[in-house]
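Please read these numbers as outputs of a predicted model, since none were measured by experiment.
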Amino acid sequence: MFRIHLNEAMFFYQQELNSLEPKEVSGLPAAKDNAFRMAEELVNLVIDARAVA
């Protein structure tokens, strides 16, 4: 359903992305951007659903 898929880092480390150390997790900036884009997509889906209802 979603166009954006979350990076696995958050699930592998079982922590919030903001609490992970960039030195220990490669691609952390991209994972944070990915999570933001997925949240944005979800918000837009909710807004669109409300507009149709």
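For residues 22-36, every residue pair satisfying the salt bridge (Lys or Arg N to Asp or Glu O under 4.0 Å) rule, not counting sequence neighbours, is listed here: D33-R37.
Alongside I47, the hydrophobic cluster contains V43 (criterion: ILVMFWY side chains under 4.5 Å).
Between L20 and L28, the closest heavy-atom pair is O-CD2, 3.6 Å. L17 and A31 get closest at one heavy-atom pair: CD1-O, 3.5 Å.
Under the 3.5 Å distance criterion, the side-chain polar atoms of N34 are left unmatched by any main-chain donor or acceptor of A30.
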